[in-house]
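Just below is one structure, and these are the notes that go with it.
Positions are given from 1, in the same order as the sequence printed here.
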Amino acid sequence: MAETLLEIKDLKKYYELKSGFLGRDRRVVKAVDGITLALKEGEILGVVGESGCGKSTLGRSILRLIEPTDGEILFDGKNIRALKKEELRQERSNMQIIFQDPGASLNPRMTVGEIIGEPIELFGTETGEAKEEKIYKLMDLVGINRSYIHRFPHEFSGGQRQRIGIARALAVDPKLIICDEPVSALDVSVRAQVLNLMRELKEKLNLTYIFISHDLSVVHHICDRVAVMYLGRIVEIASKQQLYSNPVHPYTKALLSAIPIPDPELKRERIIIPGDVPSPANPPSGCHFHKRCPYVRPECSDVIPPYVEVEEGHHVLCCLAGKETVE
């Protein structure tokens with residue numbers, strides 16, 4: 001049985017907004033609001049939700065690219081939040097990130113060889129000929145021709161640039177990779193190639209992914225488990241099979257109903273969520289979803305619902321979970 005690689009306990013990231021005369025009016029944006037989850041070694045966890053729900057903030061907080069406000073981050077038994085600057089820098093060789101925009105995330109003044117070799121040099125894992133040979137092997141691994149080593153990012157397509165970004169993330173042999181919407185900026189025809197590549201690399205190198213996306217069809221293709229976020233909280237988490245065959249939370253049901261069906265003759269009943277997403281600077285009390293929920297009850301506006309296990313490994317943040325009104 002795989003061991004737990006990452007454990008997050010009550011993780012929070014709040015931003016303070018100041019407005020008015022001399023910034024006297026202050027509000028707090030709860031971008032990540034008390035998230036608890038665990039990730040097994042070799043697992044791919046998908047994190048989905050609407051734009052602004054806190055997915056990317058969660059990923060960057062785990063790596064401490066953004067400093068969390070509160071909570072614990074345990075990676076491979078180490079408390080990441082307790083690490084000092086140099087200790088954290090060394091630990092980052094085990095935790096890497098692939099960014100959403102492959103064009104913006106690559107230095108336009110550096111060649112492919114320099115981009116992939118930079119983390120190797122930074123962490124001092126290989127030098128000289130060993131470093132050069134590793135760069136070539138990484139290029140082979142992600143499907144970039146070795147003869148392109150002296151080319152610059154603008155000379156590549158979007159899909160090729162993302163492959164370079166993947167090679168850079170793999171350069172220091174990480175255990176965990178945060179994938180922050182890595183295919184959302186790519187053409188549909190290229191997405192499948194990159195996703196299949198990431199699947200192959202996961203098997204070859206025993207990688208663990210947190211795969212952040214707003215596209216549930218992409219998540220279904222690559223992930224083992226799925227966590228659904230809404231306004232900074234995980235409202236439902238389950239295995240891929242459980243979530244797609246038996247969604248429980250009303251928000252999850254609405255998201256799944258919006259997945260396009262490739263056959264134009266088939267139609268799925270679309271669930272329309274009324275109203276707009278509330279501002280994270282002024283979220284509703286109690287259950288954040290209660291103002292848009294078709295099954296709302298008086299208690300939903302007063303109490304933050306507990307996580308209910310509706311079946312083994314399937315947890316839902318809802319007062320009505322497992323009751324007939326949600327079914």
Side-chain angles (χ1 to χ4, degrees), residues 42-48 51 55-56 59 96-108 110-119 134-226 240-241 243-244 255-256 258-264:
E43 186 179 21
I44 304 178
L45 173 68
V47 180
V48 300
S51 296
K55 306 186 299 295
S56 295
Q96 291 291 299
I97 185 168
I98 300 169
F99 294 99
Q100 177 178 357
D101 187 346
S105 65
L106 303 179
N107 190 328
M110 296 175 70
T111 65
V112 170
E114 291 170 337
I115 289 169
I116 299 174
E118 186 178 30
K134 183 164 187 178
I135 293 170
Y136 280 128
K137 285 182 178 179
L138 287 165
M139 292 177 70
D140 293 340
L141 198 61
V142 300
I144 298 292
N145 194 307
R146 287 190 175 201
S147 64
Y148 297 165
I149 192 169
H150 298 298
R151 293 191 179 186
F152 292 88
H154 72 271
E155 300 179 78
F156 294 91
S157 67
Q160 288 174 319
R161 285 197 291 262
Q162 195 59 290
R163 288 172 185 265
I164 296 167
I166 293 170
R168 178 180 60 184
L170 295 173
V172 286
D173 305 316
K175 296 179 181 179
L176 171 68
I177 298 181
I178 307 284
C179 309
D180 190 3
E181 305 209 36
V183 297
S184 64
L186 305 180
D187 293 339
V188 175
S189 59
V190 180
R191 287 185 187 183
Q193 297 173 20
V194 174
L195 289 172
N196 290 334
L197 169 65
M198 293 180 70
R199 262 284 191 195
E200 291 171 11
L201 293 172
K202 181 255 183 187
E203 298 298 333
K204 283 182 182 178
L205 306 175
N206 192 31
L207 297 171
T208 305
Y209 293 147
I210 292 180
F211 193 93
I212 297 167
S213 179
H214 62 271
D215 191 331
L216 280 157
S217 58
V218 168
V219 168
H220 184 270
H221 177 73
I222 194 171
C223 296
D224 303 312
R225 277 196 306 149
V226 184
K240 174 174 65 178
Q241 292 79 11
L243 191 87
Y244 284 78
L255 288 182
L256 291 174
I259 299 176
I261 300 175
D263 188 344

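- Taking the side chain as every heavy atom from C-beta outward, S51 and H214 never approach each other to under 4.5 Å.
- Using modelled atom types, no side-chain atom of Y209 and backbone atom of I222 make a donor-acceptor pair closer than 3.5 Å.
- Applying the side-chain contact (heavy atoms from CB on, under 4.5 Å) criterion to L216, with sequence neighbours excluded, gives V48, Y244, L255, L256, I259.
- Side-chain atoms of P153 and I115, non-hydrogen and from C-beta on, do get closer than 4.5 Å to each other.
- In this structure, K240 contributes its side chain and C223 its backbone to a donor-acceptor pair below 3.5 Å.
- For the salt bridge (charged side-chain N to carboxylate O under 4.0 Å, His left out) condition, the pairs that include at least one residue of residues 161-174, sequence neighbours left out, are K134-D173.
- Counting heavy atoms from C-beta on, the side chains of V142 and I164 never come closer than 4.5 Å.
- Judged as a side-chain contact (heavy atoms from CB on, under 4.5 Å), and not counting sequence neighbours, the contacts of D187 are S189, V190.
- Between the side chain of D224 and the main chain of I44, a donor-acceptor pair closer than 3.5 Å is present.
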Inset, instruction - Check step by step if side chain to side chain contact (heavy atoms under 4.5 Å, CB included) holds for H220 and V226. - result: CA-CA 8 Å; H220 184 270; V226 184; over 6 Å; no
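- Considering only heavy atoms from C-beta on, Q160 comes within 4.5 Å of I144 through its side chain.
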Inset, instruction - Would you please test L170 and L207 for side chain to side chain contact (heavy atoms under 4.5 Å, CB included) and show each step? - result: CA-CA 10 Å; L170 295 173; L207 297 171; 3.7 Å; yes
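- The local environment of CD in E118 is sparse, with at most 12 non-hydrogen atoms from other residues, nucleotides or ligands closer than 6.0 Å.
- The distance from the NZ atom of K202 to the CG atom of L197 is 14.0 Å, given to the nearest 0.5 Å.
- The shortest distance between side-chain heavy atoms of I116 and I149 does not fall below 4.5 Å.
- Without hydrogens or angle criteria, R191 side chain to L186 main chain gives a donor-acceptor distance under 3.5 Å.
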Inset, instruction - Show your working on side chain to side chain contact (heavy atoms under 4.5 Å, CB included) between D215 and V183 and close with a plain yes or no. - result: CA-CA 10 Å; D215 191 331; V183 297; over 6 Å; no
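- Atom NE2 of residue H221 and atom CE of residue M198 lie 10.5 Å apart, to the nearest 0.5 angstrom.
- Among residues at least two apart or in separate chains, ring-ring contact (aromatic ring centres under 6.0 Å, His included) pairs with a member in residues 149-178 are Y148-F156.
- Rounding to the nearest 0.5 angstrom, the gap separating the CD1 atom in I97 from the OG atom in S56 is 8.0 Å.
- Taken from CG in N196 to CG in L201, the straight-line distance is 11.0 Å, to the nearest 0.5 Å.
- The side-chain contact (heavy atoms from CB on, under 4.5 Å) check on A185 picks up P102, with sequence neighbours excluded.
- Between M139 atom CE and S147 atom OG the span is 7.5 Å, to the nearest 0.5 Å.
- Side chain of Q241 to backbone of R225: no donor-acceptor contact under 3.5 angstrom is found.
- For the side-chain contact (heavy atoms from CB on, under 4.5 Å) test, residues two or more places apart in sequence or in another chain that qualify with E114 are M110, T111.
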